[in-house]
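A quick write-up on the structure given underneath.
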Amino acid sequence: MRLYDTLTRRVKEFAPREPGHVRMYNCGPTVYRRNHLGNYRAYATADLLRRTFELLGWRVTQVMNITDVGHLTEDDVADAAGEDKLQKEAQQRKLDPWQIAREVEGWFHEDRRTLRILDAHRYPRATEHIPEMIAMIEALVANGHAYAADGNVYFSVGSFPSYGALSGNTVEKLDAGASGRVEERSDKRSPHDFALWKHDPKHLMQWDSPWGRGFPGWHIECSAMSRKYLGDTFDLHTGGPDNIFPHHECEIAQSESVTGKPFVRHWVHCGWLTLGGEKMSKRAGKIHTVPELVEMGYAGADIRLFLLKQHYRAPLPFRLELLDEAREIRKRFNNFIRQERPPGPPDSEAADAARARFRAALEDDLNTSEALAVLHELMTTVNRTGAGADEAVRFLREADRVLAILDEPDEAPDAEIERLMAEREAARRSRDFKRSDAIRDELLKRGIELLDTPQGTRWRRK
RNA sequence: GGUGGCGUAGCCAAGUGGUAAGGCAAGGGAUUGCAAAUCCCUCACCCCCGGUUCAAAUCCGGGCGCCACCUCCA
């Protein structure tokens, strides 16, 4: 498998350190507000990786963090509460950041299931790993990589020479660049030092620590939790493009300063989901959520296909037109696997060739565009020749273990539908097309679409 | 100012040295009671200018345009 690595900035061979077993950590949601589609691009990419590894026959241990601490201030809670009726209620019942965090976490799982994103093996919450974080910070203070100042603890960036390797933002470059943009704090030895533990009485969530009451800095949770569940060194760490700097840069510095070992062997970051040429951001106010799109009539699988249809690293423009396109593509796939065909000669040649090309495409830095093209070409071939349809359908189902865009097979129609279909058939026989079309429209209203084929009338759910 | 990335048809997009995959949309035709589905056909001088090469969308140089990050937004 070949995969782009953000750290070395090139596509390189990916293989788990323990043969056949991938250990992967995905940066997960910050649960103070319902995630928008941009967030899900990162999770869908992680899901695609996990499913691809499993296709290759590897075992995967996947861990995704839930960031439920570190960012909630009164303002954030008030802000988050403004966008949803449930939240408004919570506001009226008295604000409780814990409650909001759990609620938003629930939405996250709801949305990701809609997008057919598989369950990770663990979803550790930051608030449940405070002791691990404190232990790690203590170790950093003890070995000189961090210092306490007035209830705060900072990581000393100067103590970690390769700081900046992931993002290109080395200390010198940062100095040369945004002078004045970095918050100057008198208790920091260098303006680039970042917080491991913070003291702020205004903050809603607080814990006791050797440095007094406070709360952990953002980056330390991932270092602590990934280490706990995946070890000092693990195979793959993923996230959105904004995680590269500062989050992942800081994680590397912290983790390696504690363990003295390489932190992560391969870094994967997806590209931005853009909206009108701009990134989709929690702060921009232009947000599309999964339920909002479902409400507009898109299936979760449509949205999923939209996210996976193009290469994970390229910027992806969000436009409803592209969701429509994804829906049309899915229709073609679903029609193909449900198509009634006269029995054709068995032929596994086309499907076997497609299987090999499909796998090769995914192994080539997750080239989903190519993988989808392979599937399209296979369908065209089978439609044309009439041979190998069963083998092709079987392979499509196989490929769908990675893509997860096909519909489930239709269940049996109920008696009422069967009765109407029979009535329509009788009407058609007597050439009463007005009546037969009326029945077809009636069924369509109930979500049942009829297809007249040479083998008789078929139906499917719309 | 620093850092990372992008520019291929109406739209999305693959392709990183050998003469432009695939899809969506659109148009024409076949089939159908009408539809649906399916099939056939049509649809690109790869942002610009130089250079290297027998050969460049692909490599090099220079432009132009666009996006993002620069301490807690996936």
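To find a chain, count down the sequence lines: A is the first, B the second, and so on, and within it residues start at 1.
Here the separation of B:G17 from B:C54, taken at their C1' atoms, is 12 Å to the nearest Å. B:U16 sits 28 Å from B:U3 when the P atoms are compared, rounded to a whole Å. For B:G4 and B:A9, the P atoms lie 28 Å apart once the distance is rounded to whole Å. Look at the P atom in both B:C43 and B:A20: the space between them is 13 Å, to the nearest Å. Taking atom P in both B:U52 and B:U58, the straight-line distance is 15 Å, to the nearest Å. Atom name P, nucleotides B:U53 and B:C46: the rounded distance is 22 Å, in whole Å. Here the separation of B:G65 from B:C48, taken at their C1' atoms, is 10 Å to the nearest Å. Annotation: B:C41 and B:A13 have their C1' atoms spaced 23 Å apart (nearest Å).
Taking the charged nitrogens against the carboxylate oxygens, A:Asp452 and A:Arg424 do have a contact shorter than 4.0 Å, which makes a salt bridge. At a threshold of 4.0 Å, the pair A:Arg51-A:Asp47 counts as salt-bridged, since one of the basic side-chain nitrogens sits closer than that to a carboxylate oxygen. A salt bridge links A:Asp437 with A:Arg440: the closest approach of a Lys/Arg side-chain nitrogen to an acidic carboxylate oxygen falls below 4.0 angstrom.
You'll find the ring centres of A:Phe215 and A:His199 outside the 6.0 Å limit.
Atom CG of A:Leu273 and atom P of B:A68 are 13 Å apart (whole Å). If you measure from atom CG of A:Leu7 to atom C1' of B:U3, you get 15 Å, rounded to the nearest angstrom. Put simply, NE2 on A:His248 is 17 Å from C1' on B:U3, counting in whole angstrom units. One atom, NE2 of A:His311, and another, C1' of B:G7, lie 16 Å apart when rounded to the nearest Å. B:A14 atom C1' lies 14 Å from atom CG of A:Leu366, rounded to whole Å. Atom CZ in A:Arg189 sits roughly 22 Å away from atom P in B:U71 (whole-Å rounding). Between A:Leu443 atom CG and B:A35 atom P there is a gap of 20 Å when expressed in whole angstrom units. Nucleotide B:C73 holds its C1' atom 14 Å from the CG atom of A:Asn65, rounded to whole Å.
The cationic group of A:Arg2 does not satisfy the cation-pi geometry with A:Phe14, failing either the under 6.0 Å distance to the six-membered ring centre or the 45° limit from the ring axis. Judged by the 6.0 Å and 45° rule, A:Arg313 forms a cation-pi pair with A:Tyr4.
Each of A:Pro246 and A:Arg9 lies near RNA chain B, and the nucleotide nearest A:Arg9 is the one positioned closer to the 5' end. Heavy-atom nearest nucleotides on RNA chain B were determined for A:Ala373 and for A:Leu316, and the one closer to the 5' end corresponds to A:Leu316.
Remark: B:C54 base-pairs with B:G18. Criterion, Watson-Crick or G-U wobble with two distances under 3.5 Å. Shown here, B:G1 forms a base pair with B:C70; the pair counts as Watson-Crick or G-U wobble because both key distances fall under 3.5 Å. Base-pair partner of B:A44: not found among the strands shown (Watson-Crick or G-U wobble, both distances under 3.5 Å). In this entry B:C39 has B:G29 as its Watson-Crick or G-U wobble partner, both defining distances falling under 3.5 Å.
The side chain of A:Asn335 lies closest to B:A37, out of B:A14, B:U71, B:A37. Of the candidates B:C73, B:C70, B:A14, the closest approach to any side-chain atom of A:Asp242 belongs to B:C73.
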Any chance you could list the contact pattern along nucleotides 23-34 of chain B? Use B for base contacts, S for sugar-phosphate-only contacts and - for none, protein heavy atoms under 4.0 Å, 5' to 3'. BSS-------BB
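When heavy atoms are screened at a 4.0 angstrom cut-off, A:His219 is found touching no nucleic acid atom at all. Using a 4.0 Å heavy-atom criterion, one finds that A:Leu450 contacts the bases of the nucleic acid, with or without backbone contacts as well.
Partners of A:Ser190 according to the side-chain hydrogen bond (donor to acceptor under 3.5 Å, both in side chains) rule, which considers only residues two or more places apart in sequence or in another chain, do not exist here. For A:Ser226, the side-chain contact (heavy atoms from CB on, under 4.5 Å) partners two or more places apart in sequence, or in a different chain, are A:Tyr25, A:Phe234, A:Phe263.
Not one side-chain nitrogen or oxygen of A:Gln310 sits closer than 4.0 Å to the OP1 or OP2 atom of B:C12. Proximity of A:Asn367 to the phosphate of B:A14: no side-chain N or O atom is located under 4.0 Å from OP1 or OP2.
Note on ring orientation: taking the six-membered ring where Trp is involved, the planes of A:His269 and A:His248 are tilted (angle from 30° to 60°).
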